[in-house]
Amino acid sequence: MALPPQSKSGETIRIGLLGAGNVGAQVAKTLVEERELISARVGTPVKLVGVAVRDPEAPRDWRIPGELLTTDAEALVDQSDLVIELIGGNEPAGALIEQALRRGSAVVTGNKALLASRGTELNAIAADTGALLRYEASVGGAIPILRPIEESLSGDRITKVMGIVNGTTNYILDQMDTTGAAFDDALDEAQKLGYAESDPTADVAGLDAAAKAAILGTLAFHAPFSFDDVYCEGITEVTQDDIEAAAASGYVIKLLAIAEKHTQGQEPGVVLRVHPTLLPRTHPLASVRGAFNAVFVVAENAGELMFYGQGAGGRPTSSAIMGDVVAVARRLRAPVPESPTISSEVHLPPLPIEKATTQYYIDMEVADKEGVIAEIARVLADHHVSIESMRQPGSVTIEGEVEDSENGAKVQVVTHIASEKDLHETVQELRGLDVVKTVISVLRVEVKK
Ligand SMILES: NC(=O)c1ccc[n+]([C@@H]2O[C@H](COP(=O)([O-])OP(=O)(O)OC[C@H]3O[C@@H](n4cnc5c(N)ncnc54)[C@H](O)[C@@H]3O)[C@@H](O)[C@H]2O)c1
Ligand SMILES: N[C@@H](CCO)C(=O)O
Ligand code: NA
């Protein structure tokens, strides 16, 4: 088993920073202004030896001393014992991380997009050369979530990880819910506040959360999952009407990432999914506001755990980066062998979304005539889907049972838990009914942690 290489420059650990945007500029500031404190925490002097940027003249949140700036990232990697990658995206970030790992340098990154596509390969290169690779900032921003899963829970069996892991979309949905802000205005604001990815499509289409689901699933279940294993729906289809209809029924809409182990009645495996989800307003995740994130972890012996904190933004994210920097710098000072991330004992394949069990909320515009409710109820029963509640806006809520009613031309049904396959087929059949004019929206519901 390869040992992490020791610092090659005698006592001082040389740190190279790649990228000085929202997060990188904050990390540069801490490394320069808090150098003594960080060195004391490591137990060995650390020194920021360079910051690779695309444009040395670009305005930054913190003015980086000119002598540190370089546009030659490859040369900086070659001079560094520890590389912090905060450029983002696949290239050149991937090639630079690979270059660092192959020469045995430690790497700290927040690049979830890259980890969700090439994480297994990069971890293998690190294992081969003994280099250290850490990425706590890649999920949940400032929240310590990966290390608790990898270390604190390594003696337990995790069964489910579920959470709000994208600050931008939580900010947008929260603004739409609480102030009635328009989607585009809330997204603009999230970009200004430094929460969004450089291409915010990654946030609103759910891709950023899907990358995080793959990383969480890999660490929680000791099996390699990639971005392609995650079923993904973003928030672009969520309308103000959906949010208001949800609110009227006591729900809030959140984008959730869920990785859940399925063992009963089927081949064991893990369903990984990201989609807008209705949560009762009393659910702990319903109170996660703005760009905050929260992750539930359920383990066989530990039971339920919840991790909460700032999920995005340059300064909070720099905290997670610096935590990894101190952790790996300590290991460079006193090398110990790395333990495997992926256990060879366990093989849990990714399962398709059809294998998930969930609840649906179905909002329909229906014909205003007798027998409509009975017909809808029959379709659900035919697919073995039972009804938790049925509501006709403007009339009374009918809970637990179905009654014929002629009030209003909208019907909103929340089902009990059923298989995704049965629920999907139910909606398909409802769409075909003469009495159903339109299925306005279909959202999944989580009532339990
Ligand atoms: N912003 C957040 O809240 C947050 C939170 C967690 C993780 N992350 C991740 O951290 C990384 C950085 O995020 P950010 O918000 O700081 O992004 P950003 O877009 O603000 O910063 C990236 C910087 O890299 C620079 N860059 C691009 N190509 C370069 C090159 N070839 N050499 C040197 N510099 C180059 C860009 O000019 C930009 O200044 C991303 O992987 C992101 O997913 C961000
Ligand atoms: N764009 C990401 C940054 C944090 O990973 C978000 O909004 O959560
Ligand atoms: Na984190």
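Counting starts at 1 for both ligands and their atoms, following the listed order. All residue numbers in this chain count up from 1 along the given sequence.
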For a distance cut-off of 3.5 Å, show me each N or O of ligand 1 paired with any protein N or O, plus the separation.
unit_1, atom_1, unit_2, atom_2, d
ligand 1, 1 (N), Gly194, O, 3.1
ligand 1, 3 (O), Gly313, N, 2.6
ligand 1, 15 (O), Asn22, ND2, 3.4
ligand 1, 16 (O), Asn22, N, 3.2
ligand 1, 16 (O), Val23, N, 2.9
ligand 1, 20 (O), Asn22, N, 2.9
ligand 1, 20 (O), Asn22, ND2, 3.2
ligand 1, 37 (O), Arg54, NH2, 3.3
ligand 1, 43 (O), Lys112, NZ, 3.2
ligand 1, 43 (O), Glu197, OE1, 2.7
ligand 1, 43 (O), Glu197, OE2, 3.4

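When only modelled atom types and interatomic distance are considered, Gln26 and Arg315 share no side-chain donor-acceptor pair under 3.5 Å. Donor-acceptor pairing under 3.5 Å is recorded for the side chains of Thr44 and Arg333.
Distances below 4.0 Å separate heavy atoms of Glu197 from the following atoms of ligand 2: 1 (N), 2 (C), 3 (C). With ligand atoms numbered from 1 in the order given, ligand 2 contributes 2 (C), 3 (C), 4 (C), 5 (O) to contacts under 4.0 Å with heavy atoms of Lys112. Within the listing of ligand 2, atoms 1 (N), 2 (C), 6 (C), 7 (O) sit less than 4.0 angstrom from a heavy atom of Asp203. Which parts of ligand 2 touch Asn166 is read off a 4.0 Å heavy-atom cut-off, strictly below it: atoms 2 (C), 6 (C), 7 (O), 8 (O). Within ligand 2, counting atoms from 1 as listed, the ones closer than 4.0 Å to a heavy atom of Tyr195 are 1 (N), 2 (C), 3 (C), 6 (C), 7 (O). Within ligand 2, the atoms closer than 4.0 Å to a non-hydrogen atom of Ala196 are 1 (N), numbered from 1 in the order shown.
Looking at Asn293 against ligand 2, nothing comes within 4.0 Å, counting heavy atoms. Of all the heavy atoms of Ala202, none lies under 4.0 Å from any atom of ligand 2, so neither backbone nor side chain is involved.
The two residues Leu187 and Pro200 make their nearest non-hydrogen contact at CD1-CB, 3.9 Å. What you find for Asp324 and Ala137 is that their closest heavy atoms are OD2-N, 4.4 Å. Of all heavy-atom pairs spanning Arg41 and Val326, the tightest one is CB-CG1, 4.1 Å. Taking both residues in full, the closest heavy atoms of Lys254 and Val288 are given as NZ-O, 2.7 Å, listed atom of the first, atom of the second, then distance. Closest non-hydrogen pair, Ala245 versus Asp363, comes out as CB-OD2, 4.3 Å. Closest approach of Ala223 and Leu348 over heavy atoms only: CB-O, 3.9 Å.
For ligand 2, none of its N or O atoms has an N or O atom of Ser138 under 3.5 Å away.
Residues satisfying the side-chain contact (heavy atoms from CB on, under 4.5 Å) test with Asp185, not counting sequence neighbours, are Ala182. Residues meeting the salt bridge (charged side-chain N to carboxylate O under 4.0 Å, His left out) test with Asp177, sequence neighbours left out: Arg281.
Heavy atoms of Gly141 stay at 4.0 angstrom or farther from ligand 2.
Annotation for Arg330: atom CZ counts as buried by contact number, over 12 foreign heavy atoms lying within 6.0 Å. Annotation: Glu91, atom CD; neighbour count of heavy atoms from other residues, nucleotides and ligands within 6.0 Å is above 12. Atom CD of Glu237 sits in a sparse spot, with 12 or fewer heavy atoms from other residues, nucleotides or ligands closer than 6.0 Å. Within 6.0 Å of atom CD in Glu365, more than 12 heavy atoms from other residues, nucleotides or ligands are found, so the atom counts as buried in its surroundings.
Around the Na ion (ligand 3), protein N, O or S atoms at less than 3.0 Å number 5.
Closest to atom 7 (O) of ligand 2 among all protein heavy atoms lies Thr168 OG1, 2.6 Å.
Counting heavy atoms only, Gly311 comes closest to atom 4 (C) of ligand 2 of the residues Ala291, Gly167, Gly313, Gly311.
Between Phe292 and Tyr308, the ring planes lie parallel to each other; the angle is under 30°, not in the 30° to 60° tilted range.
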